[in-house]
Number of protein chains: 2
Amino acid sequence: MLHEGQIDRVGYILISGWACSYKLLPDGKRQIVNFQIPGDFMGLRSSMLRTSGYSLESISDIVVVEVCNQVLFGGRSESPKLTAALLWAAARDTAMMVEHIVNLGRRDARTRMAHFLLELEARLALVGLAGKAGYRCPLTQYHLGDALGLSSVHVNRVLRDLREAGLVSFQAGKVEFLDHRGLTELADFDPAYLDQTPRIAA
Amino acid sequence: MLHEGQIDRVGYILISGWACSYKLLPDGKRQIVNFQIPGDFMGLRSSMLRTSGYSLESISDIVVVEVCNQVLFGGRSESPKLTAALLWAAARDTAMMVEHIVNLGRRDARTRMAHFLLELEARLALVGLAGKAGYRCPLTQYHLGDALGLSSVHVNRVLRDLREAGLVSFQAGKVEFLDHRGLTELADFDPAYLDQTPRIAA
DNA sequence: CGTACTGTTGAGATCCGTCAAGCACCGTGG
DNA sequence: CCACGGTGCTTGACGGATCTCAACAGTACG
């Protein structure tokens, strides 16, 4: 889809499908920084940041709406709602990155995975893509590994552990929560950081 | 200094001294998200984020200037320069968090440490606090461990490795580069992400 | 029918954490 | 002056979490 070095200063809004932003390292490893799900902005960072090796990639088939940034940063008064939404998204993105840092730095593989699956559920629920039972998820175990700083082999083992412990099941593209409370406790998951409502006073 | 739960919606600019922002986990571990050095904004995230367990702490004696956010978000036209500087700082903060995620997720302890010390050098150089030889650094090995997701014991070993390999020395509160090129190569360090100059078109 | 991709499992190696002990420094108070 | 406690640094031994290498199964697709 998109690749690094694009300077067109344009963002997108993801309508359907999943994508991810990641950075490639010289030894071939990659670190996924974030996943984009329907309703998310895409390209914010890539248009504002000059980081080498930083790229966007679609995971499933996707539909996007293009957002010309002249509208965003240009007249200022032209589309205050969109600008506000963008600030909201940026704040939430920051909050998610903080959690990501905590996740990678101080939690072990099981806890990390649990936290990740719960965060995804909370995000998907906001756009109606997660139900009581769980949610559909097109990510491969390689995606999970690259996001969580694990090898895909270990991702596999961790998923089996969590399933056999009766906490979550991730099979055939579906995430199902078997013990939501237990998982939340294990992961020390508090969804408050995803709800950055009106903290920036207008 | 400051502690979580403050809702006064105020930011600070750090004039002298060092501080850090971190999150505490229920098991007592902590993850340092970022260090603040002179010239940095502080409290941006803590006033915009409602994340539990998120705190600020001073590392050395510090001097700050208080910034009332009515000035920032209020009149809008009152202080465009400050607002622009804040946006710049936010963009750089984001870029640093991306690097932090990559660091924690996909680099081993030596490389992580190398990258961290080089990033700090680049940041300090911008405010005149790093010279050719190196820089003064008040961080303890515990700080380094909590920032890099390592135990302080392992931090100690890694620092000895790097010193004996003739790359960097961190002793007695001073960081000295013995082989700057070699270290940069080892760490895959590219300072471009710290220089977020005029990417946001006005 | 072959190829590519994803998932699965095992065995061995490695990195890093934990526990433990000891040292150096420094300020305090007797 | 010295004893003392606190903090930070250093090192060794051991164990565990995770990685790497390797092989194989299932599925989709040409």
Side-chain angles (χ1 to χ4, degrees), chain A residues 18 20 25 27-32 57-61 103-117 136-165 168-176 186-187, chain B residues 18 20 25 27-32 57-61 103-117 136-165 168-176 186-187:
Chain A
W18 293 43
C20 67
L25 282 93
D27 60 0
K29 287 172 182 158
R30 79 167 176 178
Q31 175 66 43
I32 293 180
E57 191 181 85
S58 64
I59 289 170
S60 55
D61 291 340
N103 227 8
L104 293 171
R106 284 302 183 205
R107 294 203 251 253
D108 67 8
R110 279 174 52 123
T111 316
R112 231 181 275 177
M113 179 68 72
H115 193 281
F116 174 79
L117 294 176
R136 309 210 68 248
C137 177
L139 303 180
T140 69
Q141 295 183 351
Y142 290 86
H143 287 125
L144 295 174
D146 285 343
L148 299 177
L150 302 168
S151 68
S152 64
V153 175
H154 202 60
V155 165
N156 186 294
R157 283 191 251 265
V158 168
L159 286 177
R160 179 156 54 86
D161 278 2
L162 290 173
R163 189 180 344 115
E164 290 175 352
V168 235
S169 150
F170 185 175
Q171 277 177 321
K174 271 183 287 192
V175 175
E176 299 177 58
L186 168 68
Chain B
W18 293 43
C20 66
L25 283 98
D27 60 0
K29 287 173 182 158
R30 79 167 174 177
Q31 175 65 45
I32 293 180
E57 191 182 83
S58 63
I59 289 169
S60 56
D61 291 341
N103 226 9
L104 293 170
R106 284 303 184 204
R107 295 202 251 254
D108 65 9
R110 280 174 51 123
T111 316
R112 231 181 274 179
M113 179 68 72
H115 193 279
F116 174 78
L117 294 176
R136 310 210 65 249
C137 177
L139 302 180
T140 69
Q141 295 183 351
Y142 290 88
H143 286 124
L144 296 175
D146 285 344
L148 299 177
L150 302 168
S151 67
S152 63
V153 175
H154 202 61
V155 165
N156 186 294
R157 283 191 253 265
V158 167
L159 286 177
R160 178 157 54 85
D161 277 2
L162 291 173
R163 187 178 347 111
E164 290 175 352
V168 235
S169 148
F170 185 174
Q171 278 178 321
K174 272 183 287 194
V175 175
E176 299 179 58
L186 168 68

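Just the heavy atoms: all of them, side chains too, but no hydrogens, waters or symmetry mates, feed the values below. Convention: sequence-line order gives letters A, B, ...; per-chain numbering from 1. All values reported here derive from a predicted model rather than from experimental measurement.
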Once you apply a heavy-atom cut-off of 4.0 Å, does B/Thr140 come out as touching a base, just sugar-phosphate, or nothing? sugar-phosphate

Heavy-atom nearest nucleotide on DNA chain C taken for A/Tyr142 and for A/Arg106; more 5' hit belongs to A/Tyr142

Compare every heavy atom of A/Leu104 with every heavy atom of A/Gly149, then report the nearest pair and how far apart it is. N-CD2, 3.9 Å

Over all heavy atoms of both residues, which pair between A/Arg110 and A/Asp161 is shortest? Give the atoms and the distance, please. NH1-CB, 4.2 Å

A/Arg30/A/Glu57 ion pair, N-O < 4.0 Å: yes

Using every non-hydrogen atom in the two residues, find where B/Ala109 and B/Val158 come nearest and quote the distance to one decimal. CB-CG2, 3.6 Å

Are any side-chain N or O atoms of A/Ser151 and backbone N or O atoms of A/His154, one a donor and one an acceptor, separated by less than 3.5 Å? yes

For B/Arg107 and B/Arg112, indicate whether the former's side chain and the latter's backbone hold a donor-acceptor pair under 3.5 Å. no

Could you tell me if A/Thr140 and A/His143 have a donor-acceptor pair between their side chains, going purely by distance under 3.5 Å? yes

Rounded to whole Å, please give me the gap between CG in B/Leu104 and C1' in D/dT18. 16 Å

Taking CZ from A/Arg110 and P from D/dG16, how many angstroms apart are they, rounded to a whole number? 16 Å

Nearest-Å distance, CG (B/Asp146) to C1' (D/dG8)? 14 Å

Whole angstrom value for the distance that separates C1' of D/dC19 from CG of B/Asp108: 12 Å

Contact class for A/Gly145 vs. all strands (heavy atom < 4.0 Å): base, sugar-phosphate, or nothing? nothing

Quick one: how far along DNA chain C does chain B reach, first to last nucleotide 5' to 3', anything under 4.0 Å to a heavy atom? C/dC16 to C/dC19

To the nearest 0.5 Å, what is the distance between CG (A/Asn156) and CG (A/Leu159)? 6.5 Å

Enumerate all atom pairs, one protein N or O and one N or O from nucleotides 10-12 of chain D, separated by less than 3.5 Å.
{"from": "D/dT10", "atom 1": "OP2", "to": "B/Gln141", "atom 2": "NE2", "distance (Å)": "2.8"}
{"from": "D/dT10", "atom 1": "OP2", "to": "B/Asn156", "atom 2": "ND2", "distance (Å)": "3.0"}
{"from": "D/dT10", "atom 1": "O5'", "to": "B/Asn156", "atom 2": "ND2", "distance (Å)": "3.3"}
{"from": "D/dT11", "atom 1": "OP2", "to": "B/Arg160", "atom 2": "NE", "distance (Å)": "2.7"}
{"from": "D/dG12", "atom 1": "N7", "to": "B/Arg157", "atom 2": "NH1", "distance (Å)": "3.4"}

B/Lys29 bridged to B/Asp146 by N-O distance under 4.0 Å: no

B/Gly149 near the nucleic acid: base, sugar-phosphate alone, or nothing, with a heavy-atom cut-off under 4.0 Å? sugar-phosphate

